[in-house]
Amino acid sequence: MSHPKKSFWSIVDDDMLEQEKQLDSVHYGENSEATPYGPAETKLPEHPTPGARMTSAESGAYALRHDFRPYVQYVRREGNELGEQMIVNMGPQHPSTHGVLRVEVVLSGEEVEDLRCHIGYMHRCAEKESENSTYPQIVPYADRLDYVAPMTNAYCYSLAVERLARLSVSPEVEYFRIAINEIERIASHLLAIGTFGIDLGAFTPFLYAFEAREKILKFFEYISGGHLLYNYIWPGGVQRQPPADVKSRIEEILRDVETAMNTEINPVLTTNRVFIDRTAAVGVMTAEVALAYAITGPNLRGSGAKRDLRRDEPTPFYDTLDFEVCVGGGQFGPLGSALDRYIVRVAEITESIKIVRQCLSRFPDSGLDVHAGLPASWNVPSAECYFRAETARGELGVYLVSDGTNKPLRCKYRSPGFHAIQVIPEISRGQYLADLPVIIGSLDFVMCEVDR
Amino acid sequence: MNPDRERPLSLTNILATTLEGMKATAQEALRPEVTEFYPENRPRLPQGTKAQLYVDPNDCISCYKCAKACPSDCIRIDSVRAPAGTLADTTDGHKRTFEVVRFDIDMGQCCYCGLCTGRSSYAPEEQRDDRGALGYADKDAACPTDCINFYPRFENGTEDPGNLMYHFAVYGFDAAREQWVAAAPNTKRSTHPEKAAADYDDPAAAAKAEELAHV
């Protein structure tokens, strides 16, 4: 496997910059006094720290300037034996990028020589918006971080606020919230499994996975009122009282998910020889690389590192539950491949079902006082807190600073997907272009959470 | 390039996995359908579904709590003080002193979080347990009079986004004043002297108001 160590971006040498300048002088006049946008003196003042913005250090171009020309277009170079080099844009509308991720791929023939991920197409100032909202009002925004698994985000955010405001929640409500959290993890992994199959051209398992996921969403709609975005788990409890038949419904869901996994998805996809051979050597990420890039969650565990915040830094009452941390085994190829990450998700569904079954006996059938932990006033004493918990995609960190009012002074999220997309260039160099959707699908990030 | 991937598939494995897939197909063929055909079969949503917001303006006391609770600022309320005795109490016994002349909700901006709603949305009737959820939902619901709630209507699609602005006030300001005149003709109605003068039946009071208007 040939790994070109030289980055594509170093191809932009001084000669090319000189050519660019000459082109500029042709377009804008000899001394660059006039730009298409007006005379040169109307230029914006220079930003004090331009490095903090989207800059290309080599070319010295500032992306926010009017005269910025975004791409060094179509660099032709002598390629290797597979063909000549070219640049291909995948996304931001490409379906296999799972959202609005633009991947700029430098190809040598069919082989990926280098690539760069461009984010920011879905940036909507969620953190800044949170700083202008009260603590209960932030929960809908926290839901929208990762719209595939909103309950896990809301769970992490709520626990952070409870730490900050020193709220106490009764064990029964905590167990109920853990059950909801784990059911949402199952729903998220079902979607990851299904779309991973679609990336490989296997359409049928996607329908099986979505049928099971739809049952979970219907259950959430029954208890919370929302089909996809819930605003259900609150700091201090949950929004609504669970209905009387919640336990029987959860049991029914768990049975359905088990049936879907055992009779439909596992025989058709997980043990499929074609599927295994397609994914077993693709996107190999060693544990060292994963840890160096701060990858967390199933992506890290797929590389063989046994780290899970539910076990290492348990949120309340997770330590009383019996479950195993699933890691990739590398049975079919090198450890840390796309298949290992997939298998970890499949195994985690079983573990989550186990956790939910244990929780079911630990909260009462009725009379759960879900609003007992709510404070009388949301004026949180001045403090700061960083809280992290394991969501379906890895470690979600919530950093909150309060200044004594009912709105946080600073709110910052550390999302697992943001770190996951940074490792794509590292693990996809030297692979084929057709493997890139597999790698992207196996990392299972949500762009909504990356851009925030 | 990659030895693992150039390994030939063994015939046994191909046969085994194909048969496995065929078995699953056979099982699926005998299963009932799960697909719902939408316009013909419309789902009946559960009672507490976060869908269309509905306001009963006759129960609203203009406390603005829902507008303050809304994360996306989609509720606009205007109200005026009505003359004493012209407004009926709310259904749960709150006294009303303000007439709502504007209660607009932009459903295009609504994020369906349910933070503005009354206690009925927190514990829908068919889901209440024997303890009665109302006791503590009452203290945490934003709306004290239970006048703003969800109801499970979900087909709100429209060609014009302006149609997503829903107006719930029964009367505008002028129409509200006419109502008060009809309900209690001899009470002082407006703090604005010019407008108040027209409302007085008593000529002396009208003259006094007229006088005040020219001060």
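Naming convention: chains lettered A, B, ... in sequence-line order (proteins, then strands); numbering from 1 in each chain. As a basis for the values below, the full set of heavy atoms in this structure was taken, side chains included, without hydrogen atoms, waters or symmetry mates.
The closest side-chain heavy-atom distance from B:Tyr112 to A:Leu228 is not below 4.5 Å. Inter-residue side-chain proximity for B:Val34 and A:Glu214 is flagged as unmet; no heavy-atom pair is nearer than 4.5 Å.
Top candidate by heavy-atom pairs under 4.5 Å with chain B, chosen from A:Asn231, A:Val139, A:Asp143, A:Val246, is A:Asn231. In terms of heavy-atom pairs under 4.5 Å with chain B, the best-connected choice from A:Gly226, A:Gly225, A:Pro140 is A:Gly225.
Within a 6.0 Å radius of CD in B:Glu33, other residues, nucleotides and ligands contribute 12 heavy atoms or fewer.
At least one donor-acceptor pair under 3.5 Å links the side chain of A:Gln137 to the backbone N or O of B:Lys68.
For the atom pair OH of A:Tyr141 and SG of B:Cys113, the computed distance is 9.0 Å after rounding to the nearest 0.5 Å. Residue B:Thr117 holds its OG1 atom at 7.0 Å from CZ of A:Arg240, rounded to the nearest 0.5 Å. If you take OG1 on B:Thr49 and CD on A:Glu221, they are separated by 5.0 Å, rounding to the nearest 0.5 Å. To the nearest 0.5 angstrom, A:Thr134 atom OG1 is 7.5 Å from B:Leu115 atom CG.
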Give the table of side-chain donor-acceptor pairs shorter than 3.5 Å for residues 258-270 of chain A, with sequence neighbours excluded, one pair per line with atom names and distance.
from	atom 1	to	atom 2	distance (Å)
A:Glu258	OE2	A:Arg357	NH1	3.3
A:Thr259	OG1	A:Arg255	O	2.6
A:Asn262	ND2	A:Glu258	O	3.3
A:Thr263	OG1	A:Thr259	O	2.7
A:Glu264	OE2	B:Arg31	NH1	2.9
A:Asn266	OD1	A:Thr270	OG1	2.9
A:Asn266	ND2	A:Met261	O	3.3
A:Thr270	OG1	A:Tyr342	OH	2.9

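Heavy-atom distances place the backbone of A:Tyr230, and not its side chain, under 4.5 Å from chain B.
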